Amino acid sequence: MKTEISKSSTARVKADDARIDRLKEQLRSTPKDVDFERVRIMAEVYENTAGDAQILRRAKFFATLLERKKLYIDDNLFVAVWPAPSTVFTPFRNGTWIG
């Protein structure tokens, strides 16, 4: 990643276009699937926390997810993706909780 210094106080970042194009193609060409590992963990935690406040159930689900969820290492700059790139279902969408 390269930066250009401009006269303004904001630096411009030059993106690696080839890498971006490769990642876009990988994302578009990968078949989409449901993340069953996450669904199983969610079902188990929600079953075990029936009657608890919703915020506690979410927190316990997230803690369990952090402990047990498998990470997928690829050439993403963020080191790993979670869930796998082919996954279409997660309980979060656009920062909003589903369920």
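Counting begins at 1 with the first residue of the sequence. Small disclaimer: the values here were computed from a predicted structure and weren't measured.
Residues T64 and M42 are not in side-chain contact: their nearest non-hydrogen atoms beyond the backbone lie 4.5 Å or more apart. The closest side-chain heavy-atom distance from R40 to F36 is below 4.5 Å. By the 4.5 Å heavy-atom criterion applied to side chains, R22 and E25 are not counted as neighbours.
When all heavy atoms of Q54 and Y46 are compared, the closest pair comes out as NE2-OH, 3.4 Å. Between K69 and I41, the shortest heavy-atom distance links the atoms N-CD1, 4.4 Å. Across all their heavy atoms, T49 and R57 have their closest contact at OG1-NE, 3.1 Å.
Counted within 6.0 Å of CD1 on I55, heavy atoms from surrounding residues, nucleotides or ligands total 12 or fewer; the atom is thus considered open.
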* Apply side chain to side chain contact (heavy atoms under 4.5 Å, CB included) to the pair E44 and R68, showing each step before the final yes or no. => CA-CA 12 Å; E44 178 185 320; R68 295 177 24 197; 3.0 Å; yes
